[in-house]
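Shown next, in C-alpha cells, is the structure this report addresses.
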Amino acid sequence: MAWPIGGGGMPELPEVEAVVNALGGIVRGKRITGVRVLRPQTIQSMSVTRFCRLLRGRVIERVRRRAKFILLDLSDGWTLVVHLRMTGGFVYAESRRPFPPTARVLFLLEGGARLAYTDIRNLGLIRLVRTERLDRWAEWRRLGVEPLSRTFTVRRLEEMLRGSRRAIKAFLLDQTKVVGLGNIYAAEALHRARLSPMRRAESVARSRARVVALYESIRETLREAIAAQSTGPLHLEFVNAQGQSHHPRRAPSPFRVYGREGEPCPVCGAPIRRIKQHGRSTYYCARCQT
DNA sequence: GGAAAGGCCTGAAAGC
DNA sequence: TGCTTTCAGGCCTTTC
C-alpha cells in the first residue's frame, strides 16, 4: 500500500500531542541562546531580525497544544506558535552533527543542545506572539472546540451539525467546528461510527443515535491514536551527544480504512473503497457505512 | 455566510 | 533509462 510522505502519519491532533509531550520533557526550563532562520518565509507576522532578537535569552517555560498548534510559552509573556502542517517536525540534538537539509529554523539552547524545526514541503509556519494577545489573532479565535475537552459534548456537536449541508467528512475537517481531525482520523472516526463520508452533516443531526455514535467515535479514535504514539512521536527526532539518532520506527498501519483501498473492511469484509472528496482521498466501507 | 475550487509546497510513484 | 505527470493533505484565498 502507499504510505503518505512523512513517515506514516500526517501531524493531526494525536501526533501533535505526542510532539508536545516529548518536546516539553526536553526543552522545558531551557534558555534560548540564539536563533538561526534558514528559511525566512517560515516566520510569520514579523521580520526575521525581530524574531531572532525577541527570542534570544528567553526561557521555554511550558510546551502545550491548541488544535494542531504547538505552543512554547516563553519567559516575559511571549509564545512561540508552531504549525507543522503536512511535513513539519523537530530534531533535537545534543551533538554537533549537521542538521538535515530540510532544517528551516535552528534554536540554540543553553548547554549546547540545538533544536531544529524541519519541513520538507515548507508548508509549516512559525510565529512569535505576545501570550496575552493570542486571542486577538483571527485564525486563533476561529478555532473550534477541542474534541477531548469537557466543552465538547453530544449536544454541542449536534448543534454544529444542524444546519450544515456539507458532507460530514468535510464538516469534520473544518477546524472552526471541531479541531484536531485531519484526513486520516476523519475517515477513521466515520468508519467507527458507521457513517458514510458523503452523508450531509445535517442528516447526522436528525438522529440522536448517530450523533452519539459520531461523538464517541471521534473521541475513541483520537484517544487510541494518542496511546499508539506512546512509543515516541514520529515528528520529533533525538540525536544524542554521540551523534546517534533515535527515531521511532514506523509501526504497521494502525488504521481501519485509511490507506487500505481494496482490503477487506475489518467489520464486514467488504472491500474498502477510495473516493475523491474536495480533492482529498476518502477511504470508507460502502457496505457498513451508511 | 456557507460551500467548493484552486493554490501552495516537495518528493515519491506512476505513466509513457 | 529518463523525462513528465500525478498524488499526498492542511489551510488559506478566491469565487460562486
Side-chain angles (χ1 to χ4, degrees), chain A residues 1-20 38-45 65-71 81-89 99-105 117-127 137-144 146-147 159-190 197-205 221-222 225 234-235 250 253 255 257-262 272-284:
Chain A
M1 62 164 280
W3 277 95
I5 295 166
M10 301 296 166
E12 300 184 26
L13 186 151
E15 289 76 20
V16 174
E17 180 84 9
V19 170
V20 163
L38 307 174
R39 184 179 179 272
Q41 302 95 308
T42 300
I43 308 305
Q44 303 284 299
S45 78
R65 179 190 64 75
R66 166 76 171 110
K68 297 175 193 171
F69 289 99
I70 296 167
L71 306 170
V81 184
V82 181
H83 198 303
L84 304 177
R85 290 278 180 96
M86 299 294 298
T87 53
F99 279 109
T102 54
R104 309 304 180 202
V105 182
Y117 170 76
T118 63
D119 195 347
I120 296 170
R121 291 187 212 167
N122 291 325
L123 292 168
L125 304 169
I126 296 179
R127 64 167 58 206
W137 180 20
E139 187 182 336
W140 185 263
R141 274 207 307 274
R142 284 198 300 269
L143 288 173
E146 286 284 340
E159 287 168 356
M160 288 189 285
L161 290 165
R162 201 179 296 143
S164 174
R165 297 173 56 80
R166 309 166 86 178
I168 185 65
K169 167 83 183 308
F171 175 91
L172 292 180
L173 294 178
D174 187 343
Q175 300 298 300
T176 69
K177 302 291 192 290
V178 181
V179 302
L181 289 168
N183 201 45
I184 296 172
Y185 295 118
E188 293 295 297
L190 286 171
M198 288 91 81
R199 179 184 277 278
R200 286 183 194 271
E202 63 182 4
S203 89
V204 176
T221 298
L222 293 174
L234 283 167
H235 306 274
R250 179 201 299 163
S253 169
F255 307 126
V257 289
Y258 182 82
R260 293 192 180 277
E261 182 183 16
I272 301 296
R273 287 191 188 173
R274 179 166 73 116
I275 57 167
K276 279 278 178 188
Q277 275 187 301
H278 316 297
R280 304 282 177 268
S281 282
T282 295
Y283 297 87
Y284 75 110

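Everything quoted here is computed from the prediction, not taken from an experiment. Naming: A, B, ... by sequence-line order, numbering from 1 per chain.
Every side-chain hydrogen bond (donor to acceptor under 3.5 Å, both in side chains) that A/Arg65 has, sequence neighbours left out, goes to A/Glu17, A/Glu146. Remark: A/Arg85 engages A/His83, A/Leu123, A/Leu125 in a side-chain contact (heavy atoms from CB on, under 4.5 Å) (not counting sequence neighbours).
Between the CD1 atom of A/Ile120 and the C1' atom of B/dC8 there is a distance of 16 Å, given to the nearest Å. Separating the CD1 atom of A/Ile275 from the P atom of C/dG9 is a distance of 13 Å, rounded to the nearest angstrom. Straight-line distance from the CD atom of A/Gln44 to the P atom of B/dC9: 12 Å, rounded to whole Å. Across the protein-nucleic acid pair, A/Asp174 atom CG and B/dA5 atom C1' stand 15 Å apart, rounded to whole Å. Look at CD on A/Gln277: it is 17 Å from C1' on C/dC7, rounded to the nearest Å. Rounded to a whole Å, the CD atom of A/Gln41 is 11 Å from the C1' atom of B/dC9. In this structure, the CZ atom of A/Arg121 is 18 Å from the P atom of B/dG7, given to the nearest Å.
Taking a cutoff of 4.0 Å between a charged side-chain nitrogen and a carboxylate oxygen, A/Asp174 and A/Arg166 qualify as a salt bridge.
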Extract from the structure each pairing of a protein N or O with an N or O of nucleotides 10-16 of chain C at less than 3.5 Å, listing the distance.
unit_1, atom_1, unit_2, atom_2, d
C/dG10, OP1, A/Asn183, N, 3.0
C/dG10, OP2, A/Asn183, N, 3.0
C/dG10, N7, A/Arg280, NH2, 2.7
C/dG10, O6, A/Arg280, NH2, 3.2
C/dC11, OP1, A/His83, NE2, 2.3
C/dC11, OP2, A/Lys68, NZ, 3.4
C/dC11, N4, A/Arg280, NH2, 2.4
C/dC12, OP1, A/Glu139, OE1, 2.8
C/dC12, OP1, A/Glu139, OE2, 2.4

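Closest approach of A/Val179 to A/Pro147, counting heavy atoms only: O-CD, 3.1 Å.
Within the 4.0 angstrom heavy-atom criterion, only backbone atoms of the sugar-phosphate kind lie near A/Ser164; the bases stay farther away.
Considering only side-chain N and O atoms, A/Ser281 lies under 4.0 angstrom from the phosphate OP1 or OP2 of C/dA8.
In this structure, A/Trp137 and A/Trp140 have parallel ring planes: the angle between them is below the 30° cut-off, well short of the 60° mark.
You'll find that the side chain of A/Asn122 is closest to B/dC9, out of B/dA5, B/dA3, B/dC9.
Environment of CZ in A/Arg199: crowded, with over 12 heavy atoms of neighbouring residues, nucleotides or ligands closer than 6.0 Å.
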